[in-house]
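Here the structure is laid out as structure tokens; the discussion comes afterwards.
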Amino acid sequence: MQRTLVKDAHNSTEPRDSILLQGWVRTRRDSKTFSFVELNDGSCLKGMQIIVQNTLPDYEALMHKAGTGASISVGGKLVASQGAGQKWEVLADTFEIIGEADASYPLQKKGHTLEFLREIAHLRPRSNLFGAVFRVRSRLAYAIHQFFQERGYFYVHTPVITASDCEGAGEMFRVSTLDADKPPRAEDGSVDFARDFFERQSFLTVSGQLEAETFACALSNVYTFGPTFRAENSNTSRHAAEFWMIEPESAFLDLFGNMDLAESFVKHLVADAREHCAADLEFFGKFVDKGLNARLDFVMQRPFQRCSYTEAIEILEKSGRKWEHPVKWGDNMQSEHERFLAEEHFKCPVTVYDYPKTLKPFYMRVNDDGKTVRAMDVLVPGIGEIIGGSQREERLDVLRENMAAHGLAEKDYWWYLDLRKYGTVPHSGFGMGFERMLMFVTGVANIRDVIPFARTPGSADF
RNA sequence: UGCCCGGUAGCUCAGUGGCAGAGCAGGUGACUGUUAAUCACUUGGUCGCUGGUUCAAUCCCAGCCCGGGCAGCCA
């Protein structure tokens with residue numbers, strides 16, 4: 001007989017004489033003449049209640065083995081439940097233990113801390129919370145492709161190993177096949193990377209942006225969606241050394257069009273999760289973040305606020321707040337400032353744009369004032385920056401000046417400069433941290449809990 | 001990287017300079033269409049590691065290790 005997923009069994013419109021369910025025991029409650037076994041197969045949050053009568057052969061031995069964590073295969077009838085907690089339940093005709101789980105099985109019926117569950121990252125997807133998180137993660141990954149594909153964007157696979165540094169994006173992990181103990185040396189004593197695998201220094205990518213720009217300047221609208229790496233020693237709940245990023249790049253689009261795209265993108269993802277992961281989101285609202293539903297409502301209903309960096313600084317100066325880090329024009333906005341804008345002043349996602357040129361990388365388009373660039377950051381309540389983007393500098397002469405000002409050698413970026421040399425166009429793009437978006441949608445507060453196997457400084461288990 | 005908090009049973013935690021505690025989990029039994037079932041009994045300990053102070057350290061001190069929070073950097 002073919003296996004039915006618990007999710008589909010719950011969606012059944014009528015009883016079934018014969019059904020096969022396979023999954024893992026979450027909990028068992030014994031009676032004198034029968035046992036309740038809750039079977040979960042991960043297809044949805046809810047498990048299926050199995051009724052096992054003591055008339056089944058080997059009943060005692062079977063139930064003894066069917067503890068929390070054991071894998072089982074159950075054949076029986078899908079019938080309307082007599083109990084109040086569920087519509088359907090299964091009366092078992094056959095009950096087979098596939099794999100036992102003894103008393104050392106670490107997941108219990110009762111609550112665990114997230115810190116403990118991180119230590120058993122290989123088992124935590126079997127918990128309610130992490131099952132829900134990773135179902136939502138899967139769904140949103142799908143929704144990302146859907147959003148862009150429906151708008152005529154092409155999916156570009158930018159390289160994971162790169163020799164170019166997307167300047168400003170942070171420290172990089174070196175990729176090398178040289179002997180770490182005895183690397184070849186050049187005459188001046190430095191490591192001779194000309195004898196490395198790629199015959200030059202190479203790294204894991206920090207961003208696919210520069211490569212995506214080349215494709216936007218050919219296919220018009222493209223996006224990347226893949227892993228990126230930062231070797232920063234960042235120890236916060238919002239940073240990981242390996243994370244996934246979505247980077248759309250659009251030709252003939254200015255900064256404000258870019259903001260429109262970012263806003264509809266965020267709204268699409270929230271709406272999609274709500275439509276397709278309703279039970280999981282309800283769970284988050286109940287057990288993870290009581291304010292989640294209200295916050296998501298807010299995001300869906302209101303247009304994102306927009307204010308220039310200069311206006312934002314004025315708002316912060318006039319707020320009457322005492323800041324741990326004083327604010328003045330020309331300084332980076334700190335977490336406390338971003339949080340104030342999104343959480344207290346505007347009380348919704350805010351797009352801040354036109355940042356001082358000195359704070360931003362070389363590729364951002366310089367405004368007519370000569371002091372600011374066409375950069376934008378989308379700040380959301382609770383998370384902070386979820387999107388960073390810009391209109392790119394399409395004027396060859398200005399780009400060269402910026403590179404010189406940043407101390408960058410033109411020969412290292414010859415192909416990037418070619419995009420401006422041959423048929424240059426105004427274009428814009430942004431990067432969204434996938435995990436940060438997941439944190440926003442699920443209410444989960446730590447980035448380590450929305451990525452299957454987190455890589456953070458000092459930690460790369462599993 | 002800096003500042004702060006923590007590490008005691010499988011899990012969540014309390015506690016004390018003088019015999020190591022609870023709830024849950026596990027085990028045994030009872031009871032029951034239960035649903036984080038309930039009730040009774042019960043097994044279970046390198047009190048993170050190393051050193052110091054002390055008659056005596058899980059407790060006080062120092063160093064180290066590990067986890068977490070916040071900040072910086074950023075997505």
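This is a predicted model, so every value here is computed, not measured. Residue numbers start from 1 in every chain, and the chains themselves are labelled A, B, ... in the order their sequence lines are given, proteins ahead of strands.
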Using a cut-off of strictly less than 4.0 Å, decide whether [X] has a side-chain nitrogen or oxygen near OP1 or OP2 of [N].
X        : N      : result
A:Gln108 : B:rG26 : no
A:Lys32  : B:rC31 : yes
A:Thr113 : B:rU12 : yes

_Show, in sequence, the C-alpha distance, side-chain angles and deciding distance for A:His10 and A:Trp88, and conclude whether the ring-ring contact (aromatic ring centres under 6.0 Å, His included) test is met._
CA-CA 6 Å; A:His10 278 307; A:Trp88 298 109; 9.1 Å; no
For the pair made of [atom1] in [X] and [atom2] in [N], what is the distance, rounded to whole Å?
X        : N      : atom1 : atom2 : value
A:Glu324 : B:rG2  : CD    : C1'   : 12 Å
A:His337 : B:rC73 : NE2   : P     : 11 Å
A:Glu115 : B:rG69 : CD    : C1'   : 10 Å
A:Ile386 : B:rA75 : CD1   : P     : 13 Å
A:Tyr355 : B:rC74 : OH    : P     : 11 Å
A:Phe229 : B:rA75 : CZ    : P     : 16 Å
A:Arg118 : B:rC66 : CZ    : C1'   : 14 Å

*Should the ring pair A:Phe430 and A:Phe265 be called parallel, tilted or perpendicular, given that the plane angle runs from 0 to 90° and is split at 30 and 60?*
tilted
*Once the angle between the rings of A:Phe340 and A:His345 is folded into 0 to 90°, is it parallel (under 30°), tilted (30 to 60°) or perpendicular (over 60°)?*
tilted
Taking only Lys NZ, Arg NE, NH1 and NH2, and the carboxylate oxygens of Asp or Glu, determine whether [X] and [Y] approach each other closer than 4.0 Å.
X        : Y        : answer
A:Asp280 : A:Arg135 : yes
A:Lys347 : A:Glu343 : no
A:Arg436 : A:Glu385 : no

*Within 45° of the axis and under 6.0 Å from the centre of the six-membered ring of A:Phe304, does NZ or CZ of A:Arg306 qualify?*
no
Contact class for [X] vs. all strands (heavy atom < 4.0 Å): base, sugar-phosphate, or nothing?
X        : value
A:Leu107 : nothing
A:Thr236 : base
A:His239 : base
A:Phe243 : base

Residue [X], side-chain atoms from C-beta onward, closest of [options]:
X        : options                : result
A:His325 : B:rA75, B:rC11, B:rG72 : B:rG72
A:His64  : B:rA75, B:rG27, B:rC11 : B:rG27
A:Phe116 : B:rU12, B:rA71, B:rG68 : B:rU12

*asked:* Please compare A:Pro106 and A:Ala103 by the position of their nearest nucleotide in RNA chain B and report the one closer to 5'.
replied: A:Pro106
_Dot-bracket, 5' to 3', for RNA chain B please: Watson-Crick or G-U pairs under 3.5 Å, [ ] where pairs cross earlier ones, | where the partner sits on another strand, dots elsewhere._
(((((((..((((....[..)))).(((((.......))))).....(((((..]....))))))))))))....
_hbond_proxy A:Ser234 side chain to B:rC74 base (donor-acceptor, 3.5 Å cutoff)_ = no
*Spell out yes or no: do the side chain of A:Arg238 and the base of B:rA75 have one donor N/O and one acceptor N/O closer than 3.5 Å?*
no
*Within residues 434-452 of chain A, find the residues that approach RNA chain B with a heavy atom at under 4.0 Å, and present them sorted by residue number.*
A:Arg436, A:Asn446, A:Ile447, A:Arg448
Strictly under 3.5 Å: I want the nitrogen or oxygen pairs between protein and nucleotides 34-40 of chain B, one per line.
residue : atom : partner : partner atom : Å
B:rU34  : O2'  : A:Arg29 : NE           : 3.2
B:rU34  : O2   : A:Arg29 : NE           : 2.8
B:rU34  : O2   : A:Arg29 : NH2          : 3.0
B:rU34  : O2   : A:Gln49 : OE1          : 3.4
B:rU34  : N3   : A:Gln49 : OE1          : 2.9
B:rU34  : N3   : A:Gln49 : NE2          : 3.0
B:rU34  : O4   : A:Gln49 : NE2          : 2.8
B:rU34  : O4   : A:Gln86 : NE2          : 3.1
B:rU35  : O4'  : A:Arg29 : NE           : 3.1
B:rU35  : O4'  : A:Arg29 : NH2          : 3.4
B:rU35  : O2   : A:Gln49 : OE1          : 3.3
B:rU35  : O2   : A:Gln86 : OE1          : 2.9
B:rU35  : N3   : A:Gln86 : OE1          : 3.2
B:rU35  : N3   : A:Gln86 : NE2          : 3.3
B:rU35  : O4   : A:Ala84 : N            : 2.6
B:rU35  : O4   : A:Gly85 : N            : 2.8
B:rA37  : OP1  : A:Thr27 : OG1          : 3.4
B:rA37  : OP2  : A:Arg29 : NH1          : 2.9

